Amino acid sequence: MIAATEVPGWGLPEYVVRRPGGLYRSTNPSTKLAIAALEVVAAFAVPGWPGVLAVFAAVLATAAAARCLRGLAVIGLATSPIVGSILLINLFLLPGAADPIARFGPLAPTWSGLWFGLQTVARLFAFSAAIALVYLTTAIDDLLADLARRGLGRRAVFVVGAAVQMVPRTIERASEIVDAQRARGLDTEGRFWRRARGVVPLAAPVVFGALTEVEERTLALEARAFSAPGRQTLLRVPPDTIVDRVLRWAAVIGLVAIVGLRAAGRLG
Amino acid sequence: MDLLKRWVARQFTTRVIVLMPVGIAIDIVLGSTVQQALKLPIYLDSIGTILVGVLAGPLAGALTGILANLIWGYLLPAPIGSTTIGPFAITAGVIGLLAGLWGQLGIFRPRRGGRASIVAAAVAVVLVGVLALYTYARAYASPDQFVNITGFQTTDFDRSRLFFLAVMVVYVVLVGAALYLRRDVGAVFAIGAGLVTGIVAAIVSAPIAAIVYGGVTGGGTDALVAAFRAGGDSLYQATLKQGLLSDPMDKMITSFVVFFVIGSLSRRFIARFPNGEKALGSEPDVDSPAASES
């Protein structure tokens, strides 16, 4: 809960003037997005291990500095099912691989499969971590305020902001609906056809419940001159220092250079 | 140029702008919680996108799909958020675009006729079933016949047979159930549109799954990819075949749910959206409570 205390001398509520503190957290959101884009492109466009390892090292160092290694670890754990799948399928079933590590009856894990699986997993981790670092260190309203300052329309800002706010509420409601339908005898654990019959009883109340808000919200927005012409006045704009701008342009130039070198076949 | 501007502006009224986050939330919530509760081998993550596309238009649908995947992938914290969803934003965009096209063509409008049209639709479904059975008996009786008729390799025989049978069974069952439950021929069109959307979604998502994730996404469909790869398929072939098995079924079910939802909403609510008139059709809905009130 944000305390709406007044900041002496400014005459504005605290939530309007608060500044994110700490290393990397205080970096401008657009700069973080540009750096993440560079890291994602580097992880996929640079062949072999160097690109992936460099991105991995950069992300881990930044996360340590921003004190969000624990958050990254949670996201790493969340990707464990896909990691397991990638390793197992490639280890045993990489087409054309003919260098077995061992034989277990019809199964023969291969070195090529292991190598390819590890590389894919490393790319996945580097890609996920680079993106996750942005949202672990950036408040959504800061990101939206910065994008709005750079010309993103109020409609786009509203759509993203409202969706992010609406998802947790709708999830809570969906869980209640699942519990209620189970209490009324809906079989969610039985055979395939019994479970398939539950799609409409579960999906329809979630959809209808969410749609009930549309009319009221439309009227509320129109009453607040949502579709009026002209630019919106922003109460709070995240700082954009010279360091931020230099970093952002460096990331954009790096990104273009990697894509160009890859297209020209200079990266191998 | 002016016509294009008006066409774009028409799709982004305040009501549509309010509907888009609702569609995004529906995609994410049904794709995570309800799908987990039922443990079905389908995604259920595009109901909101198709709903917005059908009611608002192709651009609004495409944007809803893209934003849903980007928000789900990159803005929501774990365990709701999942970075593996993000790259499939392109597929979601194409699904929304197609849904908007179906909406503009009036595919999802109810076609409640008399008994004659229902019987005609039922006869059409039986004919499709008989044709499917004939094709199945001709082409899939033996691997040799399959190779002669289709020109594909023998190794594709069993998998193609499984795919063909599964899609036809789901199509006939869904259409039959829709006709029985809704007494509405429009369900046939909506589920047919779902079939086309599913095939396109599979073609678009296969290279993404192959390039970004090495063909696997951590879901139940990974077993299918593993089976295809064990049969000697390349990474792209395996992901495409897996997609062609699961996507058409998922989108047919999703389209049926959207058709059901649109048919259950009040006419006044639907009519206020850009494609509302096309989603309603010209004939008055004699069964709806809204119509009987007025």
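Keep in mind it's a predicted model, so treat the numbers as computed, not measured. Just so it is clear: chains get the letters A, B, ... in the order the sequence lines come, proteins before strands, and each one is counted from 1.
- Relative orientation of the B/F259 and B/F108 rings is tilted, given thresholds of 30° and 60° on the angle between their planes.
- Contact of A/V214 with chain B is made through backbone and side chain together, with heavy-atom distances under 4.5 Å.
- Heavy atoms closer than 4.5 Å to chain A are found in the side chain of B/L51, but not in its backbone.
- The pair A/E213-A/R169 counts as a salt bridge, with a side-chain nitrogen and a carboxylate oxygen less than 4.0 angstrom apart.
- Taking chain A as the reference chain and counting heavy-atom pairs below 4.5 Å, the highest number among B/W72, B/F12, B/F269 is found for B/F269.
- Neither the backbone nor the side chain of A/R173 has a heavy atom closer than 4.5 Å to any heavy atom of chain B.
- Looking at B/V261, both its backbone and its side chain come within 4.5 Å of chain A, counting heavy atoms on both sides.
- For the residue pair B/N275 and B/G103, the shortest heavy atom distance occurs at ND2-C, 3.8 Å.
- Heavy atoms of B/I71 lying under 4.5 Å from chain A belong exclusively to its side chain.
- When heavy atoms are compared at a cutoff of 4.5 Å, B/L70 does not approach chain A at all.
- Residue contact with chain B, scored on non-hydrogen atoms closer than 4.5 Å, is absent for A/F92.
- More than 12 heavy atoms of other residues, nucleotides or ligands shown are found within 6.0 angstrom of CD on A/E215.
- Contact between A/T170 and B/A25 at its shortest, heavy atoms only, is OG1-CB, 3.9 Å.
- Across A/I140, A/L88, A/I89, the residue that shares the most heavy-atom pairs under 4.5 angstrom with chain B is A/I89.
- Heavy atoms of A/L211 lying under 4.5 Å from chain B belong to its backbone as well as its side chain.
- For A/L221, the part sitting under 4.5 Å from any heavy atom of chain B is the side chain, from C-beta outward, and nothing else.
- Nearest heavy atom pair, residue B/P110 against residue B/A279, reads CD-O, 3.2 Å.
- Without hydrogens or angle criteria, B/N69 side chain to B/G86 main chain gives no donor-acceptor distance under 3.5 Å.
- Comparing B/I47, B/L67, B/I26, B/I28 by how many heavy-atom pairs each has under 4.5 Å with chain A, the most go to B/I26.
- Screening B/L30, B/V258, B/V257 against A/V207 for a side-chain contact (heavy atoms from CB on, under 4.5 Å) leaves a single residue, B/L30.
- In this structure, B/F260 and B/F256 have tilted ring planes: the angle between them lies in the 30° to 60° band.
- Residue with the most contacts toward chain B among A/D187, A/L202, A/I171: A/I171 (heavy-atom pairs, distance under 4.5 Å).
- For the options A/V134, A/T120, A/L77, heavy-atom pairs under 4.5 Å to chain B are most numerous at A/T120.
- Neither the backbone nor the side chain of A/R123 has a heavy atom closer than 4.5 Å to any heavy atom of chain B.
- Atom CG of B/L44 sits about 10.5 Å away from atom CG of B/D27, to the nearest 0.5 Å.
- Although no hydrogens or angles enter the test, the distance criterion places no donor-acceptor pair under 3.5 Å between the side chain of A/D142 and the main chain of A/T138.
- For a residue to count as touching a neighbouring chain, one of its non-hydrogen atoms must lie under 4.5 Å from one of that chain's; by this rule A/V178 touches chain B with the side chain only.
- Of the two parts of B/T64, neither the backbone nor the side chain holds a non-hydrogen atom closer than 4.5 Å to a non-hydrogen atom of chain A.
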